[in-house]
**Student:** 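Attaching a single structure in structure tokens format; questions to follow.
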2 protein chains.
Amino acid sequence: MNKIKLDDLQLKIMKVLWHLGEASVGQIQEVLKAERAFAITTISTVLQRLHKRDIVSYHKEGRQYIYKAEISEKETQHSMTNSLVEQLFGGKSSVLVNHLLEADSFETAELDQLKKMIEEAQKRQNDKT
Amino acid sequence: MNKIKLDDLQLKIMKVLWHLGEASVGQIQEVLKAERAFAITTISTVLQRLHKRDIVSYHKEGRQYIYKAEISEKETQHSMTNSLVEQLFGGKSSVLVNHLLEADSFETAELDQLKKMIEEAQKRQNDKT
DNA sequence: TTTCTATTACTACGGGTGTAGTTTTTAAAT
DNA sequence: ATTTAAAAACTACACCCGTAGTAATAGAAA
């Protein structure tokens, strides 16, 4: 439940880990190559730093380190979204959504979907009462 | 439309500027004191750095610098929300909202409101077609 | 005009980030 | 057992951030 703060490259690497479950530095590099080629040492350094913060763990397998995320994607989404809402939208998620709606951030199909999701959330809340 | 990236303290200071329109370093310090006391030099330094990035401007008034935001709150909200959506929610705003709904980030009243806002957005889109 | 004092400018420092080169280790191949 | 090559460890550097002390400046007061 701590504040999670991840920078650009860190996030890119975490995304690969979340996606693959576990990965060696080389594998991560391979995946990222599609977007941009980083030196393997770059990725390695970032992973070490993430490890120091207990955000990833690893075990050895032959001569490689196999890294694994120690925080989930959901947790991270939650924490980072929360920070944003807190910092920029007065702590109210609805203000954020309002902002998105005003900015026309959704396609037509998404809006329908959203409405359904909201109705479900309302049902959930009613059930709880 | 550039990527705007603001850190914690920077954001706090920008928020004061957005709120007041213009402000001297001392005024900003005064406002922030409610939350935490920063040395005036701290605020001054941050403002200088923001100025170097053209995020704030200033003019002299007597012996003080009066600072003013050069980017709007909306712009910043937009840019930072976009980054988040891009980085963590596959570029789809609805995924973010979905996440918020699953996490029960809304109060009952907010949900009603949201639904209305969505309906309005739908209407807007229909009109455009 | 000289002194005081608020404000700004300059400087600094520890820590994080992006980025990667160089050195060392070690499993694998010969 | 020795060589090789892949991977990791170590080191480095420029830049940004939070934070603030100290020095310089310039209105205001005396």
Side-chain angles (χ1 to χ4, degrees), chain A residues 2-17 20 22-33 35-68 71 76 79-80 83-84 86-87, chain B residues 2-17 20 22-33 35-68 71 76 79-80 83 87:
Chain A
N2 298 319
K3 264 224 163 121
I4 298 168
K5 199 185 157 192
L6 295 174
D7 270 85
D8 289 13
L9 182 49
Q10 295 175 166
L11 250 180
K12 281 189 189 134
I13 291 174
M14 289 307 287
K15 266 166 73 174
V16 177
L17 286 182
L20 298 185
E22 292 194 330
S24 67
V25 184
Q27 280 177 297
I28 295 174
Q29 185 191 31
E30 204 52 43
V31 173
L32 291 182
K33 196 177 284 172
E35 195 196 328
R36 198 196 128 189
F38 292 94
I40 200 157
T41 46
T42 299
I43 297 167
S44 186
T45 302
V46 173
L47 281 166
Q48 284 300 316
R49 289 172 182 165
L50 289 173
H51 177 243
K52 192 153 50 156
R53 292 166 61 192
D54 286 320
I55 289 174
V56 305
S57 62
Y58 61 78
H59 70 273
K60 284 196 174 173
E61 208 160 275
R63 77 186 119 182
Q64 350 185 57
Y65 280 29
I66 307 294
Y67 285 91
K68 190 175 121 224
I71 59 174
T76 307
S79 180
M80 292 187 64
S83 288
L84 189 78
E86 216 58 57
Q87 292 183 314
Chain B
N2 297 318
K3 256 214 173 129
I4 299 167
K5 199 186 157 190
L6 296 175
D7 271 86
D8 289 14
L9 183 49
Q10 296 176 167
L11 249 180
K12 280 188 189 136
I13 291 174
M14 288 308 287
K15 266 165 73 172
V16 177
L17 286 181
L20 297 184
E22 293 193 330
S24 67
V25 184
Q27 281 176 297
I28 295 174
Q29 185 191 33
E30 204 50 44
V31 174
L32 291 181
K33 197 178 283 173
E35 193 196 328
R36 197 195 129 187
F38 293 94
I40 200 157
T41 47
T42 299
I43 297 167
S44 186
T45 303
V46 174
L47 281 166
Q48 284 300 316
R49 289 173 182 164
L50 289 173
H51 177 243
K52 193 152 48 155
R53 291 167 60 192
D54 286 320
I55 289 174
V56 305
S57 62
Y58 61 78
H59 68 274
K60 283 197 176 175
E61 208 160 274
R63 78 185 119 183
Q64 356 184 53
Y65 280 30
I66 309 294
Y67 285 91
K68 189 175 123 229
I71 58 174
T76 307
S79 180
M80 290 186 66
S83 288
Q87 291 183 315

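Numbers restart at 1 for each chain; the letters A, B, ... are given by sequence-line order, proteins then strands.
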**Student:** Between C1' on C:dA27 and CZ on A:R63, what's the gap in Å once rounded to a whole number?
**Tutor:**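 Spelled out: CZ on A:R63 to C1' on C:dA27 is 5 Å.
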**Student:** Show which side-chain atoms of residues 5-12 of chain B pair as donor or acceptor with protein atoms under 3.5 Å away, not counting sequence neighbours.
**Tutor:**
from	atom 1	to	atom 2	distance (Å)
B:K5	NZ	A:D7	OD2	2.9
B:D7	OD2	A:K5	NZ	3.0
B:D8	OD1	A:Q87	NE2	3.0
B:K12	NZ	B:E35	OE2	3.3

**Student:** Can you give me the first and the last nucleotide of DNA chain D (5' to 3') that has an atom within less than 4.0 angstrom of a non-hydrogen atom in chain B?
**Tutor:**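 Span of nucleotides near chain B: D:dC17 to D:dA28.
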**Student:** Just jot down the side chain to side chain contact (heavy atoms under 4.5 Å, CB included) partners of B:S83, sequence neighbours excluded, or say none.
**Tutor:**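 By the side chain to side chain contact (heavy atoms under 4.5 Å, CB included) rule, B:S83 matches B:K3.
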**Student:** With a 4.5 Å limit on heavy-atom distance, are the side chains of A:Y58 and A:K68 in contact?
**Tutor:**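 When only atoms from C-beta onward are counted, A:K68 and A:Y58 do not touch, as no gap falls below 4.5 Å.
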**Student:** Would you name the heavy atoms of B:S79 and B:I4 that are closest together and state the gap between them?
**Tutor:**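 Closest approach of B:S79 to B:I4, heavy atoms only: OG-N, 2.9 Å.
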**Student:** Does B:Q48 put a side-chain nitrogen or oxygen below 4.0 Å from OP1 or OP2 of C:dA9?
**Tutor:**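 So the side chain of B:Q48 is within the cut-off, an N or O lying under 4.0 Å from OP1 or OP2 of C:dA9.
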**Student:** For B:I28 and C:dT7, give me the distance from atom CD1 to atom C1', rounded to whole Å.
**Tutor:**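 Spelled out: CD1 on B:I28 to C1' on C:dT7 is 13 Å.
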**Student:** Would you mind building the protein contact string for nucleotides 14-20 of chain C? One character per nucleotide, 5' to 3', B for base within reach (heavy atoms under 4.0 Å), S for sugar-phosphate only, - for untouched.
**Tutor:** ---BBBB
**Student:** Without decimals, in angstroms, what is the distance between B:H51 NE2 and C:dT8 P?
**Tutor:**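 Nearest whole value for this atom pair: 14 Å.
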**Student:** Please give, in whole Å, the distance from C:dA9 P to B:Q64 CD?
**Tutor:**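 The answer, rounded to whole Å, is 12 Å.
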**Student:** Just by modelled atom types, is the A:Q64 backbone N or O under 3.5 Å from a matching donor or acceptor in the A:S24 side chain?
**Tutor:**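 No.
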**Student:** Go through the structure and list residues passing side chain to side chain contact (heavy atoms under 4.5 Å, CB included) with B:V16, not counting sequence neighbours.
**Tutor:**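 So B:V16 forms a side chain to side chain contact (heavy atoms under 4.5 Å, CB included) with B:L20, B:I28, B:V31, B:L32.
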**Student:** With a 4.5 Å limit on heavy-atom distance, are the side chains of A:I13 and A:V56 in contact?
**Tutor:**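 Answer no - side chains too far apart.
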**Student:** Can you pull out every side chain to side chain donor-acceptor pair (under 3.5 Å) where at least one residue sits in residues 40-52 of chain B? Sequence neighbours excluded, please.
**Tutor:**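 Sorted pair list: B:Q48-B:Y67.
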**Student:** Calculate the interatomic distance between B:Q27 atom CD and C:dT8 atom P; express it in whole Å.
**Tutor:**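 So the two atoms are 11 Å apart, to the nearest Å.
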